Amino acid sequence: MALLERDAWYDLARTTEWTPSYISQNELFPPEMSGGEGIPDDAWATYDEPYKVSYREYVDVQRQKDAGAYSVKAALERVDLYNTADPGWINILKEHYAAVALVEYGAAFQESRFVRWSKAPGMRNMATFGMLDEIRHGQIQLYFPHEYINKDRQFDWSHQTMFTNNWVALGARHFFDDVMMTRDAVATSIFANFAFETGFTNLQFIGLSGDAANAGDFTFSKLIQSIQSDEARHAQLGTPLLQMLIEHGQKDKAQNYIDIAFWRSYRLFTILSGIPMDYYVPLDVRESSFKEFMEEWIVTQFIKSIEDLGLSKPWYWDVFLRDLDEHHHGQQLGTYSWRPTLWWNPAAGVSPEERDWLEEKYPGWNDTFGKVWDVMIDNFVNGRPEKTVPGTLPMICNVSQLPIVGTPGRTLRDISIVHEGRKFHFASDVDKWIFEQDPERYKRHENLIDRFLGGQIQPPDLGGVLEYMGLGVISAGGDDAHGYAWVDKYRGKLQTAS
Ligand code: FE
Ligand code: FE
């Protein structure tokens, strides 16, 4: 018997809509879970998912993707990448898996909430596939790093990180709880699918896959391409919702969602993508700088998708463009200095040749960030390594949960407000603005410094803080990825005559 073409039955089969008779529409789709207040009930059926697939097709394609990624992994196992690749690369893997794998699992919950609570039948259908996508992403990104655990305990963080109070995990959880786990279905889809996935996953998954292939890590390259091909599909869930909000007079709300989600995503990606791309990827295999990737994927492509919908660039666009030259360099200085608090071994990325590259990509780097590195290098060369690790904790932003950094001598300032008797600190005017959009949402959260000062971290010293963050418990904390070999290039030049 001939099968019908998908087009002939799809619209009928996915229209799982009915009129409830025992309970009200609001009981079936409570506004706090479903969102979309002010959009008429009959509008939801018009949600037309931009990507149509049947279950049979979906399973077949996903099986092929898995087969591709797993077979490349199996074929390359004998290459022994762990022992042959540059340590900077290996530590990108550690950072990536730990920051991403469990978040993917969380995203499966996000999608499953759409399956139940979205008022749009087309979206419920598409989110079912999105949920399966995210389960696959969680599983495969736990399985791939697992082979490295017996070589290096820091890979154990792939599974553990999101259960710890490591400062990077606090920042990531605060962000993903905000954009992915605690808003209604409409808001979540715009925050997480549209702003985060359409905008930023491209950066990590496409940006790094080229670098991975250049570095000979075809396993990782194939893996993240396979993931991004799923993201490219389910990220489209949010676009029809934005169109619906705009059509029903809620353009300001749509813009506000994007403005918040864009900045929060950007700040997290300065740590996840910014630092590795400009400092850890071995110089000879770097495809582009973080700023160049951002310009391609965010400034050009993502903004086009916003403007095509009739929305505008976020109000802080000038601040953002300036920040692209600065923030992640400050975070690199911070994370490298506080390397014992990391679950990976950071590469310094500031050998003379690497500094030439940084100066070329970020004119003025040597006169600003480079000056701080000069002091650090001087301490290494002259036998004072203890002076390169701070003895105190940094100020931390109450929105991003990341250290407050800026360009030395130029932009570093404390922005704070007192709200209901408590002082909150922010890394930028945009973070402060985000807090002020919804203080009720953010005001109870305590950042690492609040916890330290509040006595939750015992003993109240660096050892207590490290243990609180899981360092020395799950694995040792971070140290220079290359065992400080790069410092040798400065010896002779800088060594103080004795
Ligand atoms: Fe995913
Ligand atoms: Fe996703």
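We count ligands from 1, going down the list as the structure has it; atoms in each ligand are counted the same way. None of these values were measured; they are calculated from a predicted model.
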Donor-acceptor side-chain pairing of Gln236 and Thr239 below 3.5 angstrom: no
Restricting to under 2.8 Å, identify the protein N, O or S atoms around the Fe ion (ligand 1) as residue plus atom. Glu104 OE1, Glu134 OE1, His137 ND1, Glu231 OE2
Kindly write out the residues that satisfy ring-ring contact (aromatic ring centres under 6.0 Å, His included) with Tyr316, not counting sequence neighbours, or none if the list is empty. Trp263
Okay, side chain of Gln25, backbone of Pro30: is any donor-acceptor separation there less than 3.5 Å? no
Taking Asp178 first and then Arg183, would you say they form a salt bridge - that is, a charged N and a carboxylate O separated by under 4.0 Å? yes
Checking Arg339 now: which residues fulfil side-chain hydrogen bond (donor to acceptor under 3.5 Å, both in side chains) with it, not counting sequence neighbours? Thr388, Tyr484
When the side chains of residues 200-208 are checked against the rest of the protein, which donor-acceptor pairs come out under 3.5 Å, sequence neighbours left out?
{"residue": "Thr201", "atom": "OG1", "partner": "Glu197", "partner atom": "O", "Å": "2.7"}
{"residue": "Thr201", "atom": "OG1", "partner": "Gln228", "partner atom": "OE1", "Å": "3.4"}
{"residue": "Thr201", "atom": "OG1", "partner": "Gln228", "partner atom": "NE2", "Å": "3.4"}
{"residue": "Asn202", "atom": "OD1", "partner": "Gln228", "partner atom": "NE2", "Å": "2.9"}
{"residue": "Asn202", "atom": "ND2", "partner": "Thr198", "partner atom": "O", "Å": "3.1"}
{"residue": "Gln204", "atom": "OE1", "partner": "Ser273", "partner atom": "OG", "Å": "2.7"}
{"residue": "Gln204", "atom": "NE2", "partner": "His96", "partner atom": "ND1", "Å": "3.0"}

